[in-house]
Protein chains: 2
Amino acid sequence: MNRTNGGGMRRATGGVNLLALRSHNTALVLDLLRTAGPEGISRLELAERTGLTPQAVSKITARLREDGLAAEAGRRASTGGKPRTVLRLVPEAGHAVGVHLDRDELRAVLTDLDGTVVAQRRAPLDLGAGAEAVLARVAGVVGALGDGAAARVRSPLGVGVVLPGPLDHERGVLHRVTGFPEWDGFPLRDALAERLGSVPVVVDKDTNAAALGLAVGGEGGSFAYLHLGTGLGAGLVIGGSVHRGPRTGAGEFGHQVVQLDGPPCGCGDRGCVEALCLGAVERGDTQEAARVLGVGAANLVGLLDIDRVLLGGRTVEADPEAFVRGVRAVLDARARRTGDAPVPVRVASGGGHGVAEGAAQLVLAPVFGRGEG
Amino acid sequence: MNRTNGGGMRRATGGVNLLALRSHNTALVLDLLRTAGPEGISRLELAERTGLTPQAVSKITARLREDGLAAEAGRRASTGGKPRTVLRLVPEAGHAVGVHLDRDELRAVLTDLDGTVVAQRRAPLDLGAGAEAVLARVAGVVGALGDGAAARVRSPLGVGVVLPGPLDHERGVLHRVTGFPEWDGFPLRDALAERLGSVPVVVDKDTNAAALGLAVGGEGGSFAYLHLGTGLGAGLVIGGSVHRGPRTGAGEFGHQVVQLDGPPCGCGDRGCVEALCLGAVERGDTQEAARVLGVGAANLVGLLDIDRVLLGGRTVEADPEAFVRGVRAVLDARARRTGDAPVPVRVASGGGHGVAEGAAQLVLAPVFGRGEG
DNA sequence: TGCACTTTGGCAACAGCGTTGCGAAAGTAG
DNA sequence: CTACTTTCGCAACGCTGTTGCCAAAGTGCA
């Protein structure tokens with residue numbers, strides 16, 4: 001705010017609110033450029049899509065070109081007059097690092113502005129080896145990624161780190177990470193930022209990163225990403241942005257009770273979807289596991305009225321068709337009862353590096369006006 | 001938009017985007033004025049709370065005073081200099097009508113800008129009597145409300161109509177309203193707007209109106225309003241605004257399955273919270289009903305990470321303490337397992353006219369920058 | 001080949017937004 | 001009565017997107 005007039009600093013003219021407007025419109029344009037991909041998009045199309053006047057778009061794109069973020073990329077065929085000049089994003093103008101900390105493994109990617117993976121690393125990891133060891137390993141991998149890239153990347157825009165949670169996204173502090181309670185209270189964001197030398201760090205749950213990656217990757221509207229691996233969690237995207245809740249606690253899908261007084265779950269409750277679902281998987285009864293997962297998904301669909309359900313995680317990937325079929329059956333039955341169109345179910349694209357890429361998007365998304373910007 | 005230069009119209013100077021910024025800031029100020037109530041709020045306090053400069057606030061409030069929406073209301077005690085001038089909202093500057101259509105009864109209120117009820121009507125209603133009869137009844141009551149007010153209100157800002165749903169809030173079209181399938185596809189908003197003579201009409205679900213009323217009434221953050229009457233539904237408020245989902249389908253709390261293959265429900269599924277809960281109520285087992293409701297609420301809390309759970313509806317009001325106690329027990333047990341602070345449970349304030357008042361807020365909220373503006 | 005027409009897109013002038021500089025108004029304290 | 005503090009509006013300013021206008025670059029037809 002800086003409303004002190006005494007010292008003589010004569011900065012911040014113009015107005016904070018107008019700056020907000022400017023960056024909002026700039027982000028809008030950047031996001032359209034990104035979505036258009038290498039084919040690019042013309043100024044007039046940008047104007048139509050943003051609702052801005054062509055002249056405003058010209059001004060904004062001129063700034064972007066000056067900053068090296070956008071460039072001209074040929075022209076379209078004429079429609080009777082001067083042909084439209086096509087603009088595209090310059091992906092090399094910025095890079096981001098995404099790190100996925102799993103229980104036994106670390107995956108990291110370096111992406112450009114576009115989200116395209118430029119370099120990647122994969123290493124074994126023991127999340128229980130203590131803060132010092134894990135931090136050192138992460139810092140090492142992040143440094144190696146930059147050197148390994150085609151064009152060496154000295155300073156990425158930021159580093160996104162994701163892990164199973166629960167945690168506090170806003171402060172970047174871990175809570176009782178499932179299976180590794182010793183992390184409770186550890187300020188991962190600040191510790192890592194200091195270690196990496198003032199590179200911005202963002203911390204989030206792995207399911208949120210996966211969901212964000214899908215949202216940026218083209219999944220529009222509202223959807224749920226259900227992750228079935230060693231546990232069962234969800235990432236929720238509502239109206240294009242990830243819903244975390246005030247304490248980053250949203251997405252606790254697995255401990256939703258679907259069988260009153262059912263079999264005990266590791267969490268201490270009874271009849272949780274996770275317990276029932278993993279139990280069925282263990283018994284080899286994939287069909288029942290899928291049905292239970294479908295019931296949980298149907299509950300979610302009813303509560304939030306989402307557009308789509310996407311499935312992922314190692315267990316799903318082991319037999320994707322069975323899970324899709326089972327979940328779809330439950331949702332279709334629901335749709336027949338309500339009279340609405342059935343909610344589509346698919347396997348989430350991305351797979352292996354999906355989560356790490358999503359982690360990188362934690363850094364990139366704000367640039368394009370997605371998330372808390 | 002109007003980008004045609006041919007005719008010579010020289011309107012719309014200034015810019016659509018700047019107008020959006022202006023109305024956003026104006027709404028921010030208006031909302032603070034409303035929240036402050038009759039005691040009012042000073043310009044400097046407005047500046048601090050909005051993040052605007054004092055001068056910007058002066059300009060905005062000057063416009064508001066010119067338009068009759070705000071007025072000076074005395075001054076505060078001096079803190080060593082010129083005392084602050086207190087501003088307040090002028091509630092009589094605008095009015096809104098809220099109509100609550102229940103299965104057997106119609107309640108309607110006329111409120112001022114503040115949301116204070118100025119006049120009210122209550123009449124028996126048969127929702128199954130056909131469109132013509134219901135429309136006539138509503139139009140009659142709305143007209144009577146305006147005449148009955150202390151100062152006759154000729155043209156309210158709009159009319160909010162709410163009923164059990166399901167329906168399409170955006171288009172104002174009803175779907176298969178529970179118990180009255182004959183309404184399916186009826187364009188209530190447009191039909192009523194035409195009948196009332198171009199007064200804006202908004203249509204929504206009753207639970208959403210109740211939730212909106214609570215949100216405007218001071219419940220901040222994210223919360224769920226659970227309504228237990230002849231059915232069981234929920235209104236969700238996420239980050240201060242009502243979450244309806246893309247098809248106004250959100251809040252289908254009652255048909256959340258909490259007992260796999262449990263007793264059949266009217267919806268055609270098995271083990272729905274509604275069936276279990278109402279079944280327990282019918283047996284006189286309030287304790288079990290509250291426990292089941294609590295399990296559903298806990299599922300919701302886990303999925304969305306909300307701050308608060310509020311209970312309402314005729315069945316709850318019959319024995320509020322038992323329901324609060326039962327739901328709280330389940331949520332507290334959950335909190336002990338996760339280690340988080342327990343989610344508070346309360347009975348929703350408002351009671352009788354709460355839903356109709358919330359319906360009026362459907363009209364007023366956009367003025368104060370809440371909702372789809 | 002040349003002319004009329006269409007479409008793109010930049011330059012310059014403009015209105016309106018919030019901000020800064022400054023001074024009048026309205027209190028308190030000595 | 002004087003000195004000081006605090007509130008708050010007027011005037012000038014910088015920046016935003018918008019409008020008016022024109023050059024550039026194509027197509028289509030005579």
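Here is how names work: the chains are called A, B, and so on, in the same order as the sequence lines, proteins then strands, and each is numbered from 1.
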*Report yes if at least one side-chain N or O of B:N25 is closer than 4.0 Å to OP1 or OP2 of C:dG18; otherwise report no.*
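Yes, because at least one side-chain N or O of B:N25 sits under 4.0 Å from OP1 or OP2 of C:dG18.
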*Ignoring backbone atoms, test whether B:T53 places a side-chain nitrogen or oxygen under 4.0 Å from the OP1 or OP2 oxygen of C:dT19.*
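Result: yes.
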Distance in angstrom units between [X] [atom1] and [N] [atom2], rounded:
X	N	atom1	atom2	value
B:E66	D:dG9	CD	P	13 Å
B:L46	D:dG9	CG	C1'	16 Å
A:I60	D:dC15	CD1	P	16 Å
B:L21	D:dC15	CG	C1'	12 Å
B:L52	C:dT20	CG	C1'	15 Å
B:E72	C:dA26	CD	P	11 Å
B:N17	C:dG18	CG	P	13 Å
B:E48	D:dT6	CD	P	13 Å

*Apply salt bridge (Lys or Arg N to Asp or Glu O under 4.0 Å) to A:R65 and A:E72, showing your working.*
CA-CA 8 Å; A:R65 281 168 45 193; A:E72 298 200 342; 3.4 Å; yes
*Just call it for A:T85: base, sugar-phosphate, or nothing, with non-hydrogen atoms closer than 4.0 Å on any strand.*
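Since only primed, P, OP1 and OP2 atoms lie under 4.0 Å of A:T85, the category is sugar-phosphate.
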*Across the strands shown, which category fits A:R75 at heavy-atom distances under 4.0 angstrom: base, sugar-phosphate, nothing?*
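Touches sugar-phosphate only.
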From [options], pick the nucleotide closest to the side chain of [X]?
X	options	value
A:R63	C:dG18, D:dT27, D:dG17	D:dG17
B:K82	D:dA24, D:dT27, C:dA25	C:dA25
A:Q55	D:dG20, C:dT20, D:dG17	D:dG20
A:R43	D:dG17, C:dG10, C:dT28	C:dG10
A:R22	C:dG9, D:dT16, D:dT18	D:dT16
A:L18	D:dT27, C:dG27, C:dC17	C:dC17

*asked:* Rounded at 0.5 Å granularity, tell me how far OG1 in B:T50 sits from CG in B:N25.
replied: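 Taking OG1 in B:T50 and CG in B:N25, the distance rounds to 7.0 Å.
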*Salt bridge between A:R171 and A:D190, side-chain N to carboxylate O under 4.0 Å?*
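Looking at A:D190 together with A:R171, the answer is no, because their closest N to O distance does not fall below 4.0 Å.
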*Just by distance, do the side chain of B:D114 and the backbone of B:T116 share a donor-acceptor pair under 3.5 Å?*
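Not at all, since once roles are kept as given, no pair shorter than 3.5 Å links the two residues.
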*Quick one: does A:H95's side chain have a donor or acceptor within less than 3.5 Å of a partner on A:L157's backbone?*
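It does not hold such a pair.
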*For DNA chain D, whose closest nucleotide is more 5', that of A:T79 or that of A:T26?*
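Checking each residue's closest nucleotide, the 5'-ward one belongs to A:T26.
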*Taking N and O atoms by type only, does the side chain of A:K59 place a donor or acceptor under 3.5 Å from a partner on the base of D:dT18?*
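Answer yes: a donor N or O sits under 3.5 Å from an acceptor.
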